[in-house]
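If you're wondering where the values come from, they're calculated on a predicted model, not measured in any experiment.
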Amino acid sequence: MSEIRLRFAPSPTGYLHVGGARTALFNWLLAKKEHGRFILRIEDTDVARSTQESVDAILEGMRWLGLDWDEGPYYQSERFPIYKESVAKLLAEGKAYRCYCSAEELEKKREEALAEGRKPKYDGTCRKLQGELPGKPYAVRFKSPQEGVTAFDDLIKGTITFNNEELDDLIIQRSDGTPIYNFVVVIDDATMGITTVIRGDDHVNNTPRQIQLYEALGYPVPRFAHVPMILGADKARLSKRHGATSVMAYRDMGFLPEAMVNYLVRLGWSHGDQEIFSMAELVEKFTIEAVGRSAGVFNTDKLLWLNHHYIMNGDPQRLAELLVPFLKERDVDPAKGPSLPAVVKTLQERAKTMLELADGAVFYYRPEVVYDAEATAKFFKPELPSLYQALLAKLEMLADFSHQPIETLFKEFCTEQGIKMGQIGPPVRIALCGGTVSPSIYEVMEVLGKEETRRRIARALEFVKAQG
RNA sequence: GGUCCCAUCGUCUAGCGGUAAGGACACCGGCCUUUCACGUCGGUAACAGGGGUUCAAAUCCCCUUGGGAUCACCA
């Protein structure tokens, strides 16, 4: 068996959406697993709708997910001469013909057919035409075999059979001389040596026509694997109204690429009961046969859970780096204040997204803590100043200002004062963070350092006093 | 409408003739606990319906129903 060659072939008419990303991922994984090649091809034959911004957005999405390609990106718009040649060949061999029907009359016929409940199939007006009509614009149609069946063994869905009479003579070249998708995709996949085509199952109905083209052109037919669609919560095809569909939008919402990859791969593929997969594990365990046949609903809750998992178990140094842009958006300069990786460590297990991580980190870098009104109303009691004062004095004497010693100090403090942790913990938390929700105060104090910790408590002390 | 595809908890799924139908997310309780989380223990919850085949069917076949895709000089 020779080298397996796969490809991802998006059309640059928008960003990389989650469905496309999953298709790309499956291709990439199979290429890695089988030690084959993964090729990226930009399908921009529709020059009017294709944009460079879209190309850039798609490449950015691929890179973010870690899906690197071995060849390309190839651009179909740069391959027009190749397509022209194949059209000429088909024409010369009588496997295609010139069609002089105008788009308007075709449209009219289609509407009539639909109105009468018939299949809107090309009627073959120009199929029998002899010779050419000089000077008249024409499109080129493929002379589709009308007898027998066209079938293929889909790697995911099994054998799929079509009656050839269902397939009409499709246009392969527009009257302006540009080629049509179903034609170029065959030529490209064939000339690029693609052995396995993994794509969305919205292409199932295109496959028999493409197989006919492979055969007419004398190319070997590749294997096909059609992956099911991704649906929204209402089981309709995933769209913007269900929330974000752009992969990069998920990055901006604070998702990690490994969470996205893990989520996408498990949507429609499984390996026993396993939920968490590293890229390396996926490369080892992925098989196209284990991809499910039915469409799946995109579930943000599960993505969130995975993201939380990867944040919780992630390397603090790396997370700190990824966090910087999110902090900048909050006007926080992580260079001025405690070590960001240390801050991240205290927040990891309670942040589901990088956004939450950033929100949680802000108070470390804002010396002028803003006290939550509800919190102060509940915990800033008259006896608090003396407790704060005593604590300040005790903290002053602590030599090793780290988690364990601080915790021990608080236990002693409670005993000495004859109070419960609940009487001193919350007020200290408010003094340090401003509110009633934060990481463990011992950790916070360690990260803040003795000086800043005492400064914040002293500040809160003044606040309570002033409050009367 | 024609053609094609699909069908296990709310969701993602395991299952590939013999299971008390398993796991995960979400949800609901208990425990842990200075908060929020984490962790942990437990709970609710599914084979779309009907016919076959078989000693035996979630698993195989057929029909129905329900979803989806596609029928362009878009990709």
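The side chain of A:Leu106 sits closest to B:C73 out of B:A75, B:C73, B:C38. For A:Pro426, whose side chain is taken as the heavy atoms from C-beta onward, the closest listed nucleotide among B:C12, B:A75, B:U34 is B:U34.
To the nearest 0.5 Å, the span separating CZ on A:Arg199 from CZ on A:Phe26 amounts to 16.0 Å.
Looking at A:Asn206, its side chain comes within 3.5 Å of the base of B:A75 through a donor and an acceptor atom. Contact annotation: side chain of A:Gln274 to base of B:G23, donor-acceptor pair absent below 3.5 Å. Side-chain atoms of A:Arg350 come within donor-acceptor range of the base of B:C36, with a qualifying N/O pair under 3.5 Å. Counting distance only, with no hydrogens placed and no angle test, the side-chain atoms of A:Arg49 and the base atoms of B:C74 include a donor-acceptor pair under 3.5 Å. Between the base of B:C73 and the side chain of A:Ser175 there is a donor-acceptor pair shorter than 3.5 Å.
Side-chain N/O atoms of A:Thr436 and A:Lys378 include no donor and acceptor closer than 3.5 Å.
B:C62 and B:U53 have their C1' atoms separated by 11 Å, given to the nearest Å.
Judged by distance alone, the side chain of A:Gln146 and the main-chain N or O of A:Leu167 form a donor-acceptor pair under 3.5 Å.
Atom CD of A:Glu443 is separated from atom P of B:U33 by 17 Å (rounded to the nearest Å). Distance A:Ile171 CD1 to B:A75 P: 11 Å, rounded to the nearest Å.
A centroid separation of 6.0 Å or more is found between the aromatic rings of A:Tyr263 and A:Phe255. Between A:Tyr371 and A:Phe463, the distance from one ring center to the other falls under 6.0 angstrom.
A:Thr13 comes within 4.0 angstrom of nothing in the nucleic acid, heavy atoms only. Contacts of A:Ile441 with the nucleic acid, taken as non-hydrogen atoms under 4.0 Å apart, include base atoms. Residue A:Cys101 is in base contact, counting any heavy-atom pair closer than 4.0 Å across all strands shown. As judged by a 4.0 angstrom heavy-atom cut-off over every strand, A:Phe162 is placed among residues touching the sugar-phosphate backbone only. Using a 4.0 Å heavy-atom distance criterion, A:Asn182 is classed as a base contact.
A distance cut-off of 5.5 Å between ring centres, combined with a plane angle under 30°, places A:His203 in a stacking arrangement with the base of B:A75.
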